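In what follows, a structure is listed as structure tokens, so that the remarks can point back to it.
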Protein chains: 2
Amino acid sequence: MLPVAPTRGRLRPLGLDEVRITGGFWARRRETNATATLDHCREWMERVGWIGNFRAAVEGRIQRDRRGREFADSDVYKLLEAMVWEPGYDLDPMLTQSIAAAQEPDGYLNTAFGRPGQQPRYSDLEWGHELYCYGHLIQAGVAQIRTEGEGELAKIARRAADHVCTAFGRGGIERVCGHPEIETALVELARATGEERYLDQAALFVERRGHGTLADPEFGRAYYQDDLPVRQATVLRGHAVRALYLAAGAVDVAVETGDEDLLAAVVGQWEAAVARRTYLTGGMGSHHRDESFGDDFVLPPDRAYSETCAGVASVMLSWRLLLATGEPRFADLAERTLFNVVATSPAEDGRAFFYANTLHRRRRGTVPSADADSPRAESSLRAPWFAVSCCPTNVARTLALLPAYLATADDHGIQLHQYADAEITTALAGGHGVALSVRTDYPSGGSVTVRVDRSPDRPWTLSLRVPAWTEGAPARLVDPDGVRRAVTPGTAAVTRLFRPGEEIRLELPMAPRWIGPDPRIDAVRGTLAVQRGPLVYCAESVDLPDGHEVDAVRVDPSAEPQDGPDGTVVAPGELAAVPGEPPEDPWPYQPYQPHQPLGQGTEPAAEPTGIVLVPYHSWANRGPSTMRVWLPTTTPPPTAPPGR
Amino acid sequence: MLPVAPTRGRLRPLGLDEVRITGGFWARRRETNATATLDHCREWMERVGWIGNFRAAVEGRIQRDRRGREFADSDVYKLLEAMVWEPGYDLDPMLTQSIAAAQEPDGYLNTAFGRPGQQPRYSDLEWGHELYCYGHLIQAGVAQIRTEGEGELAKIARRAADHVCTAFGRGGIERVCGHPEIETALVELARATGEERYLDQAALFVERRGHGTLADPEFGRAYYQDDLPVRQATVLRGHAVRALYLAAGAVDVAVETGDEDLLAAVVGQWEAAVARRTYLTGGMGSHHRDESFGDDFVLPPDRAYSETCAGVASVMLSWRLLLATGEPRFADLAERTLFNVVATSPAEDGRAFFYANTLHRRRRGTVPSADADSPRAESSLRAPWFAVSCCPTNVARTLALLPAYLATADDHGIQLHQYADAEITTALAGGHGVALSVRTDYPSGGSVTVRVDRSPDRPWTLSLRVPAWTEGAPARLVDPDGVRRAVTPGTAAVTRLFRPGEEIRLELPMAPRWIGPDPRIDAVRGTLAVQRGPLVYCAESVDLPDGHEVDAVRVDPSAEPQDGPDGTVVAPGELAAVPGEPPEDPWPYQPYQPHQPLGQGTEPAAEPTGIVLVPYHSWANRGPSTMRVWLPTTTPPPTAPPGR
């Protein structure tokens with residue numbers, strides 16, 4: 001029951017039969033996903049006709065009746081994948097049957113192309129998404145093979161994959177799909193079935209990209225990573241989801257083929273993207289126009305795009321790199337992205353979603369329609385469905401398979417990467433059984449207790465990730481003998497002959513801290529953010545005195561933020577008086593007057609106060625609001641006073 | 001020869017037969033426009049087939065041969081308008097004839113719709129741009145009526161306008177066009193022909209907008225201003241060019257119908273947009289995605305959209321508001337926009353253009369193809385042509401009619417609004433002839449001398465605009481008696497019985513000055529810009545020591561910028577050492593350390609130096625470069641040091 005199953009690599013993943021999440025933050029999210037989100041997605045896809053497309057194809061009325069965008073099939077497949085991973089969720093055989101019926105005899109399957117009256121197959125590789133749709137179909141099929149065994153869904157996926165190998169193999173259509181995804185899916189299918197040809201085809205797709213086999217679109221070929229071969233690129237670029245899916249597929253190919261150069265190229269791209277093109281939340285992608293990465297350090301908090309799917313894809317990539325290298329920095333980014341992007345998208349009830357995850361909302365949004373799909377990039381509040389609705393199903397499948405991201409094993413023992421109440425049962429090298437229980441109130445609290453419930457009669461190593469965010473603050477590890485030692489970011493390990501009942505405790509420093517940005521990120525110069533543990537915090541207007549919006553907040557960096565009630569943080573600062581509509585709206589650029597700094601003179605008086613901050617993932621659950629993560633400081637940068 | 005000719009209003013415009021520009025900044029720009037840009041645009045539109053579309057329509061092969069986007073016809077019309085306004089430029093009768101031949105018997109004219117095999121007429125008012133195209137056709141026809149008299153072009157335009165009144169009048173298609181433009185054109189045609197029904201139709205279009213007669217697009221109905229009736233809107237919003245053309249048309253309707261409420265509504269929208277949604281350059285529109293205004297104070301300098309056409313449209317609107325109200329603030333914005341947006345778009349040779357006018361370019365661009373059209377929003381360097389090429393022809397017509405923006409008359413005398421070497425000859429009330437010559441080296445120098453060459457034998461008033469940018473710096477007026485007095489922003493007037501040969505001199509303070517932004521513009525917090533006279537300046541990498549990019553620049557606001565050689569400004573500041581590629585790319589967000597401010601510790605040492613700045617309009621004429629208008633200051637805002 002392994003969502004990702006490399007045949008080699010530094011760490012061995014554990015399956016959903018080996019790791020169970022039993023309580024806490026992620027258990028609540030997963031419960032909502034299982035009991036609300038899966039049905040919500042299914043209901044909406046019935047309603048908007050995307051599931052009906054398969055029936056319409058079989059009944060010969062697809063030309064007239066097809067609904068949704070060209071990639072609508074993929075969301076049905078992503079939902080199926082989520083349903084398969086979710087324990088105890090029964091797949092509807094009718095749904096699988098209608099997909100099977102729509103598949104053509106040679107394995108081709110897409111409701112938007114190829115039938116009389118439709119565009120021909122593969123006539124629009126740039127935008128048609130046919131291979132992308134297969135990718136998600138294959139991932140659903142792989143999930144079935146790895147959980148219940150090869151059923152109808154997996155058979156459909158294999159027929160499609162066989163067709164792809166025929167149609168796109170050497171001597172076939174020697175091009176790629178505008179939206180990567182097929183690459184990682186084919187490698188996974190090769191792993192799940194042992195069929196080398198799927199891996200070969202994935203490697204072909206990875207190598208073909210970057211040679212201009214796609215048309216040069218308005219956004220440039222970097223948009224779909226067809227500007228440079230994967231091995232030559234030095235940073236993630238273009239459409240963020242495409243870039244990250246491609247990188248994940250390239251890692252899969254590199255690992256299976258032992259291609260160290262390709263792996264190193266992707267690691268370099270990840271490093272550059274993380275250092276220069278990633279939001280504090282872990283979010284990636286700063287352009288609305290083409291949903292793409294910006295240039296280095298172009299990370300505006302207003303209208304940050306930070307697509308939910310890019311967060312999902314980033315976690316997919318980090319997980320693969322963690323398995324390949326064992327380096328905790330990949331789990332660090334995955335943690336940041338899970339808590340601050342993936343957990344931010346769904347509403348508390350699991351029935352509405354953010355598509356884009358901005359870091360600054362200046363206007364109270366209007367409530368999206370409960371009955372109609374919403375524009376994807378508006379996202380002023382979470383919406384129940386979108387015209388392009390990739391994000392809800394991507395969140396659903398990620399939450400369904402989340403336990404697999406918690407821990408790994410290797411020849412020496414077990415590694416814990418993410419912290420949640422969990423039961424872990426696996427076998428070490430030689431078949432020696434091990435069982436662990438993890439108890440924690442993370443991320444509210446910083447204490448993580450790991451009890452060894454079963455252990456072989458020989459020494460082994462239990463490793464715990466010490467998060468990078470503890471840099472400069474004291475983290476401690478308490479071993480079964482009660483010895484407490486300081487640990488620094490990276491990995492803290494205990495090697496011993498564990499006896500059942502012994503415990504290790506990791507103590508993480510949970511005081512909220514000011515975080516400052518690299519000065520090259522122009523858009524947030526002169527501001528600070530607050531992080532507490534892995535959680536990024538934000539100011540939200542619903543927590544301010546009546547009538548205030550978040551842009552009235554200034555924070556005072558000379559004092560520290562403090563824990564508030566109910567998971568909030570209270571930051572020292574001040575709140576400008578509620579401005580009335582000014583009698584005259586002056587030109588907003590004025591000669592600089594060095595002796596009249598901000599906060600004096602014509603600016604409305606501000607009174608010192610504590611500013612209540614909430615976890616970023618929780619914002620916009622209390623009605624329309626304004627919100628900001630990066631907060632201007634009271635120590636003014638040298639700028640002109642407002643007004644004349 | 002009046003580009004805009006209201007029948008009422010506070011000021012009376014002067015025609016191209018009354019105002020001639022004889023030298024200086026704008027004379028050089030106009031010369032390049034007349035000798036290079038007009039032919040350049042014509043050659044490109046032949047090459048890309050937009051002119052050929054009309055021939056193809058006549059020859060019955062348009063379904064197969066049509067080239068360009070749905071609004072390609074409009075660029076042919078805009079070029080014709082430019083050619084008509086340009087003195088001595090002979091219109092090619094073949095071109096007009098092919099357009100006439102493509103017009104259908106009932107006046108309908110569009111090469112993209114209506115013929116067998118094409119979409120039906122008016123079947124896509126949201127995106128089809130048919131009425132928008134008529135608008136530009138009518139403006140070209142009006143230009144012909146007002147210069148050479150009603151010829152073939154004007155007849156085509158009148159037939160189209162008559163058709164529009166029939167098709168879209170009361171009881172007809174009671175909807176509007178997705179892209180405003182027809183409104184202002186119909187009012188102008190009413191003015192040029194005396195036919196009231198064109199005005200009535202324009203008023204109908206203005207009143208119909210905002211009632212949801214267009215479909216709700218992904219960007220929301222505000223995109224095409226169909227969210228709120230014009231009279232109810234309080235700020236310009238949505239697609240910037242659409243918003244500004246609509247506002248211009250609404251002013252035209254308001255003026256002609258004496259509708260003070262409608263005029264006041266547009267003035268309020270203008271005020272709010274100028275105070276909260278306008279770049280320092282006068283540029284409008286901050287989103288690439290939908291080419292739209294952002295929320296209040298969302299004015300990121302990276303990827304500022306600031307479309308050239310929005311600059312043109314803003315000048316159109318400001319000019320109409322100036323004529324209606326006589327208030328110099330409208331001429332202030334027009335000046336800023338002309339020098340810093342309209343003048344920035346064309347290259348020195350008049351054969352390449354910016355579509356978007358960013359205020360911060362972080363990467364040296366690649367040189368756009370000389371042989372193929374370029375993506376509009378890339379604009380890393382000026383490009384010869386775009387797939388959407390509205391901007392070149394809009395610049396061409398604006399430069400052709402520019403002399404008309406310099407001066408006006410009223411019952412009391414003459415008002416000078418923009419400064420250039422010029423000869424002005426007109427008649428005051430009662431038919432008394434007046435002739436003025438203006439001599440100035442503006443905007444390099446600040447001295448403007450107006451000599452009265454002819455004057456009636458009675459007192460009258462000569463008014464000069466004192467630009468708003470002189471706020472806080474001494475401006476002086478010297479009257480014909482040599483009396484020198486301080487003048488403040490607004491209007492400086494001299495009323496006397498002028499004798500031929502008498503001179504008035506305006507002395508404007510031309511020292512470069514630091515400009516600070518309103519603190520609510522988050523994206524430029526902690527930075528300053530430099531303005532000298534009406535010109536915004538910028539740092540460009542070609543002026544920095546080898547290997548430096550503009551992001552290494554810090555400026556020191558404790559000293560003043562100074563004039564440098566050849567129109568440059570030298571700003572006190574420092575230049576960080578050229579950073580090598582760092583050995584490790586760290587996470588760019590780190591715990592805040594108040595005692596280790598920027599510029600110390602781990603940041604590379606910087607040495608004080610003078611930073612050479614050039615006028616923003618002149619950038620990117622010396623090869624690929626990086627550029628920024630807003631410069632971070634050496635006094636650091638409280639942020640974390642880079643790196644660990």
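Letters A, B, ... are given to chains in the order of the sequence lines, protein chains preceding strands, and every chain is numbered from 1. Here the structure is a predicted model, which is why all the values come from computation and not from measurement.
- B:D522 CG to A:W630 CH2: the interatomic distance, rounded to the nearest 0.5 Å, is 12.5 Å.
- B:R628 touches chain A through its side chain: at least one heavy atom from C-beta onward sits under 4.5 Å away, while N, CA, C and O do not.
- For B:D373, the side-chain hydrogen bond (donor to acceptor under 3.5 Å, both in side chains) test picks out no residue, with sequence neighbours left out.
- Closest approach of B:I515 and A:Y589 over heavy atoms only: CG2-CB, 3.6 Å.
- Proximity to chain A involves both the backbone and the side chain of B:F297, based on heavy atoms less than 4.5 angstrom apart.
- Across B:R329, B:Q531, B:H360, B:R336, the residue that shares the most heavy-atom pairs under 4.5 angstrom with chain A is B:R336.
- The residue among B:A387, B:P588, B:P632 with the most heavy atom pairs within less than 4.5 Å of chain A is B:P588.
- Across B:P591 and A:E471, no two heavy atoms sit closer than the pair CG-O, 4.2 Å.
- Both the backbone and the side chain of B:T278 come within contact range of chain A, judged by heavy atoms closer than 4.5 Å.
- Ranking A:V298, A:D216, A:D302, A:D296 against chain B, the residue ahead of the rest is A:V298, based on heavy-atom pairs under 4.5 Å.
- Shown here are the salt bridge (charged side-chain N to carboxylate O under 4.0 Å, His left out) partners of A:R513, two or more places apart in sequence or in another chain: there are none.
- Between the OH atom of A:Y592 and the CD atom of B:E560 there is a distance of 9.5 Å, given to the nearest 0.5 Å.
- Distance check: A:L333 CG to B:W587 CH2 gives 6.0 Å after rounding to the nearest 0.5 Å.
- To the nearest 0.5 angstrom, A:R303 atom CZ is 3.5 Å from B:H287 atom NE2.
- Considering CG of A:D295 and CZ of B:R363, their distance stands at 4.0 Å, rounded to 0.5 Å.
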